[in-house]
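Structure first, commentary second.
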2 protein chains.
Amino acid sequence: MTAQRELILKIFLDSEDEHMSAEEVYRKVLNRRLRISKATVYRTVDLLSDVGLLRRIVFRDGVIRYELVSKDEHHHHHIICTECGRVEEFPFDLLDDLEKLIEKSTGYKITDHQLKFYGLCSECAKKKSNEATDEATKKATK
Amino acid sequence: MTAQRELILKIFLDSEDEHMSAEEVYRKVLNRRLRISKATVYRTVDLLSDVGLLRRIVFRDGVIRYELVSKDEHHHHHIICTECGRVEEFPFDLLDDLEKLIEKSTGYKITDHQLKFYGLCSECAKKKSNEATDEATKKATK
DNA sequence: CTATATGCAAAAATTTTGCCTGGTA
DNA sequence: TACCAGGCAAAATTTTTGCATATAG
């Protein structure tokens, strides 16, 4: 356990519900006016994931992000706004039955599952529908 | 519609249930002794995804892969072996109710969802349990 | 004291871009 | 013909690696 590893964990603890890429973690380190080399950040988040303190999550952009794994954590999933990129979590799981079904039908021994919903958050949905209305008005007036 | 785009679509049609990264598509082009520049492959899979002929899927390694979208397709999901990387599909969805629940509780307008199971395929599971047994035998004999 | 982690810089891998040329409609 | 797509190579981005030095245990 080194100062660098502690600091990186601390960054995750301090920004509880964020999902950060290695790059973003590195930026946060700089923001705190501390110096850890980029290589160490990459190595460390990888290591922390391997030992189970972080979890790798990947959205459609292909960027590997990391989130804190809390001990008492309920299985949770993510909903991502395709417009602004905001990520929220929701605590329902309900997939245990499905998981068992899949195990039976495929012969896999399932260890994990990840569910992601994509869509528009309420703000972006509103914005979009306003734009659509504006367009229509413009056309009608033209 | 150009020869390059057709060829790339053809590659997806010929390898129906594969999930290929741009890089892999490019390699398949070379295997057919044809020449499309790498840039075109990247641009094309991206474009084909935007127009809805391909779908972007991302597993935990963060590599963006693409799969063919068939017109009559039932929503399907993926199960990935964490040992050998094999990917299989399964045709159950069953998430419509959950989706509605999420829409209500978050205010999002959901447009898509992706569910992935991770685990060991039956082969890798067998291999692992054999290894474990071997280890135990070794220890006992020692 | 030994093994392991870090920093740095270079290398590798991956993806995007600019610009000119060629083909499509 | 006008415009859009493709090829190529360079650039940008992201991630990994080698090696010397520093640090933890």
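A note on names: the letters A, B, ... follow the listed sequences, proteins ahead of strands, and every chain is numbered from 1.
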Checklist entry - dT15(D) P sits how many Å from Tyr26(A) OH, rounded? => result 14 Å
Next on the checklist: By nearest heavy atom, map Ser37(A) and Gly62(B) onto DNA chain C; which one lands nearer the 5' end?
Outcome noted: Ser37(A)
Next on the checklist: For dG23(C) and Gln4(B) - does any side-chain N or O of the residue sit under 4.0 Å from the phosphate oxygens OP1/OP2?
Outcome noted: no
Checklist entry - Should Glu18(A) and Arg65(A) be marked as a salt bridge (Lys or Arg N to Asp or Glu O under 4.0 Å) after you check the CA-CA gap, both sets of side-chain angles, and the distance that decides it? => result CA-CA 9 Å; Glu18(A) 286 198 47; Arg65(A) 291 184 173 78; over 6 Å; no
Next on the checklist: For a quick check, with a 4.0 angstrom heavy-atom cut-off, what is the B/S/- contact string for nucleotides 19-25 of chain D, read 5' to 3'?
Outcome noted: -----SS
Checklist entry - For the pair made of CD1 in Ile64(B) and C1' in dT15(C), what is the distance, rounded to whole Å? => result 10 Å
Checklist entry - Could you give the CZ-to-P distance, from Arg5(A) to dT4(C), as a whole number of Å? => result 11 Å
Next on the checklist: Using whole Å, what does the distance between atom P of nucleotide dG23(C) and atom CD of Glu6(B) come to?
Outcome noted: 16 Å
Item to check | Between dG6(D) (C1') and Ile8(B) (CD1): distance, integer Å | outcome: 11 Å
Checklist entry - Under the side-chain hydrogen bond (donor to acceptor under 3.5 Å, both in side chains) test, which residues partner Glu99(A), sequence neighbours left out? => result His113(A)
Item to check | Atom pair NZ/CD of Lys116(B) and Gln114(B) - distance to nearest 0.5 Å | outcome: 4.5 Å
Checklist entry - Going through the checks in order, is the side-chain hydrogen bond (donor to acceptor under 3.5 Å, both in side chains) test met by Glu88(B) and His77(B)? => result CA-CA 8 Å; Glu88(B) 291 179 41; His77(B) 297 290; over 6 Å; no
Next on the checklist: When you group the ILVMFWY residues by side-chain heavy-atom contacts below 4.5 Å and let the links chain together, are Met20(B) and Leu9(B) in the same group?
Outcome noted: yes
Next on the checklist: Could you tell me how far apart Arg27(B) (CZ) and dT15(C) (P) are, to the nearest whole angstrom?
Outcome noted: 11 Å
Item to check | Difference in axis direction between the ends of the helix from dC1(C)-dG25(D) to dA25(C)-dT1(D), five pairs, 10° | outcome: 40°
Next on the checklist: Tell me whether the side-chain N/O atoms of Arg35(B) come closer than 4.0 Å to OP1 or OP2 in dC8(D).
Outcome noted: yes
Next on the checklist: Of the listed nucleotides (dT14(D), dC8(D), dG6(D)), which one gets closest to any side-chain atom of Thr40(B)?
Outcome noted: dG6(D)
Item to check | Whole-Å distance separating the CG atom of Leu34(B) from the P atom of dG6(D) | outcome: 14 Å
Checklist entry - Is the phosphate of dT15(D), meaning OP1 or OP2, less than 4.0 Å from a side-chain N or O of Tyr42(A)? => result yes
Item to check | Cluster check Leu120(A), Leu101(B): I/L/V/M/F/W/Y, side chain < 4.5 angstrom | outcome: no
Next on the checklist: On a heavy-atom basis, which atom in Thr82(B) and which in Arg60(B) lie closest, and how many Å separate them?
Outcome noted: CG2-NH2, 3.1 Å
Checklist entry - Just how far, in rounded Å, is P of dT15(C) from NZ of Lys38(B)? => result 9 Å
Item to check | Proximity of Tyr42(A) and Tyr26(A) rings by center, below 6.0 Å | outcome: no
Checklist entry - Are His78(A) and Phe59(A) near enough that their ring centres are under 6.0 Å apart? => result yes
